[in-house]
Amino acid sequence: MSVQERKERERAGRQRLIVATARELAEEQGWDAVTTRRLAERIEYSQPVLYSHFRGKREIIGAVALEGATEMAAAVRAAASAAATPRARVTALALAYLDFAERHPAVYDAMFQLDGGLAFAQEDTPEPLKDAFAALLESLGEVAGDGVHPALFTEVFWAALHGLATLTRAGRLPPGDAERRVELLVDRLAVV
């Protein structure tokens, strides 16, 4: 291995450590607790080292969001692929999405609530975000119904899931009814 390859590997390792530490700190104490000073202390590097990887907190949030999008896409695909019928796939997808949002609230916030400097639904949208939408579209597109554009249906269904995730987390919806809400959503929106 050349010196350059070793340096690149070490740099990539530091970047993964910064993102993992930011994510851990955000999950423990919220995003307000994620500062370059705290991150530098936790990973035992100087703040200039952090700034050599990320220009600031916004880029760190963006990196966490991209990582989260990849994980959410995998979770949604795994849940949907285990189901045998279109209705079961949509239900499994919805429950996996809500479960991801509940288990990873700081990551979910990075993906959809905070400014990570990422473009959504545009030409320059990063690939992990496009893939996360594609993971939803793969199952939702087949239940959009006649004359309904699959991507548009996916956007509406996703918006409903996001609303359920956000309202549940904020304590605006009674806990424990996620499955019933998903069932109602599938019954009313999906053509299965």
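Remember, it's a predicted structure, so these values are computed and weren't measured experimentally. Residues take their numbers from the sequence shown, with the count starting at 1. Below, each value reflects all heavy atoms present in this structure, side chains not excepted, and no hydrogens, waters or symmetry copies.
Following chains of ILVMFWY side-chain contacts shorter than 4.5 Å, one cannot reach V191 starting from V182, and the two form parts of different hydrophobic clusters. Under the 4.5 Å side-chain contact rule for hydrophobic residues, F120 and F153 share a cluster.
With sequence neighbours excluded, the residues forming a side chain to side chain donor-acceptor pair (under 3.5 Å) with E142 are R89, listed by chain and number. R188 meets the side-chain contact (heavy atoms from CB on, under 4.5 Å) test with L184; sequence neighbours excluded. For R172, the side-chain contact (heavy atoms from CB on, under 4.5 Å) partners at least two apart in sequence or on another chain are L167, A170. With sequence neighbours excluded, no residue satisfies side chain to side chain donor-acceptor pair (under 3.5 Å) with Q15. For E183, the side chain to side chain donor-acceptor pair (under 3.5 Å) test picks out no residue, with sequence neighbours left out. In this structure A82 satisfies the side-chain contact (heavy atoms from CB on, under 4.5 Å) test with no other residue, sequence neighbours excluded. Evaluation of the side-chain contact (heavy atoms from CB on, under 4.5 Å) rule for R16 yields A12 as partners, not counting sequence neighbours. Q29 is linked by a side chain to side chain donor-acceptor pair (under 3.5 Å) to nothing, counting only residues two or more places apart in sequence or in another chain.
Using a 4.5 Å heavy-atom cutoff, the side chains of R11 and R14 are in contact. Using a 4.5 Å cut-off on side-chain heavy atoms (C-beta onward), I18 and Y45 make no contact. Between L173 and R181, the closest side-chain pair of non-hydrogen atoms falls below 4.5 Å. Side-chain contact between F54 and V19 is present, with at least one heavy-atom pair separated by less than 4.5 Å. Using a 4.5 Å cut-off on side-chain heavy atoms (C-beta onward), E27 and V64 make no contact. Put simply, the side chain of L39 reaches to within 4.5 Å of the side chain of I60, judged on heavy atoms. Residues L118 and L129 have side chains in contact (heavy-atom distance under 4.5 Å, counting atoms from C-beta outward). By the 4.5 Å heavy-atom criterion applied to side chains, V34 and K57 are counted as neighbours.
For the atom pair OG1 of T154 and CD of E138, the computed distance is 10.0 Å after rounding to the nearest 0.5 Å. Atom NZ of K7 sits about 7.0 Å away from atom CD of Q4, to the nearest 0.5 Å. Going from atom CG of D109 over to atom NE2 of H104 covers 13.0 Å, rounded to the nearest 0.5 Å.
Other residues, nucleotides and ligands contribute over 12 non-hydrogen atoms within 6.0 Å of the CD atom of E8.
Smallest separation of non-hydrogen atoms from P126 and L66: CB-CD2, 3.6 Å. Considering all non-hydrogen atoms of both residues, M72 and A132 come closest at CE-CB, 4.1 Å. Considering every non-hydrogen atom in both A92 and A79, the closest pair reads CB-O, 3.4 Å. Taking each heavy atom of A75 and A96 in turn, the nearest pair found is O-CB, 3.9 Å. For A88 against A84, the heavy-atom pair with the smallest separation is CB-N, 4.4 Å. Counting all heavy atoms, side chain and backbone alike, P86 lies closest to V143 at CB-CG1, 3.9 Å.
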Note to self: The test is salt bridge (Lys or Arg N to Asp or Glu O under 4.0 Å); show your working for R42 and E28 and say whether it passes.
What the structure shows: CA-CA 13 Å; R42 278 216 179 178; E28 289 172 2; 2.9 Å; yes

Note to self: Working note: E102 + T168, criterion side-chain contact (heavy atoms from CB on, under 4.5 Å); need CA distance, chi angles, decisive distance, verdict.
What the structure shows: CA-CA 9 Å; E102 182 181 343; T168 299; over 6 Å; no

Checklist line | Test side-chain contact (heavy atoms from CB on, under 4.5 Å) applied to V76 and F100, step by step | finding: CA-CA 9 Å; V76 164; F100 181 88; over 6 Å; no

Check: Does the side-chain contact (heavy atoms from CB on, under 4.5 Å) test come out yes or no for L17 and E44, once each step is laid out?
Finding: CA-CA 11 Å; L17 178 63; E44 299 178 345; over 6 Å; no

Margin query: Determine whether L50 and I43 satisfy the following criterion, side-chain contact (heavy atoms from CB on, under 4.5 Å), listing intermediate values before the conclusion.
Written below: CA-CA 10 Å; L50 268 78; I43 64 172; 3.6 Å; yes

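Residue pairs meeting the side chain to side chain donor-acceptor pair (under 3.5 Å) criterion with at least one partner in residues 58-71, sequence neighbours excluded, are R23-E67, R23-E71, R55-E59, R58-D115. Sorted pairs that involve residues 116-128 and meet side chain to side chain donor-acceptor pair (under 3.5 Å), not counting sequence neighbours, are lacking altogether. Applying the ring-ring contact (aromatic ring centres under 6.0 Å, His included) test to every pair with at least one member in residues 9-44, sequence neighbours left out, gives no pairs at all.
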Between side-chain atoms of residues 156-165 and protein atoms elsewhere (two or more places apart, or another chain), which donor-acceptor pairs fall under 3.5 Å?
from, atom 1, to, atom 2, distance (Å)
W158, NE1, Y97, OH, 3.1
H162, ND1, Y108, OH, 2.6
H162, NE2, Q113, OE1, 3.3
H162, NE2, T166, OG1, 3.4

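Within the 3.5 Å criterion, the main-chain N or O of V49 finds a donor-acceptor partner in the side chain of S52.
Contact check on E5 versus R9 returns no salt bridge, with no Lys/Arg side-chain nitrogen under 4.0 Å from an Asp/Glu carboxylate oxygen.
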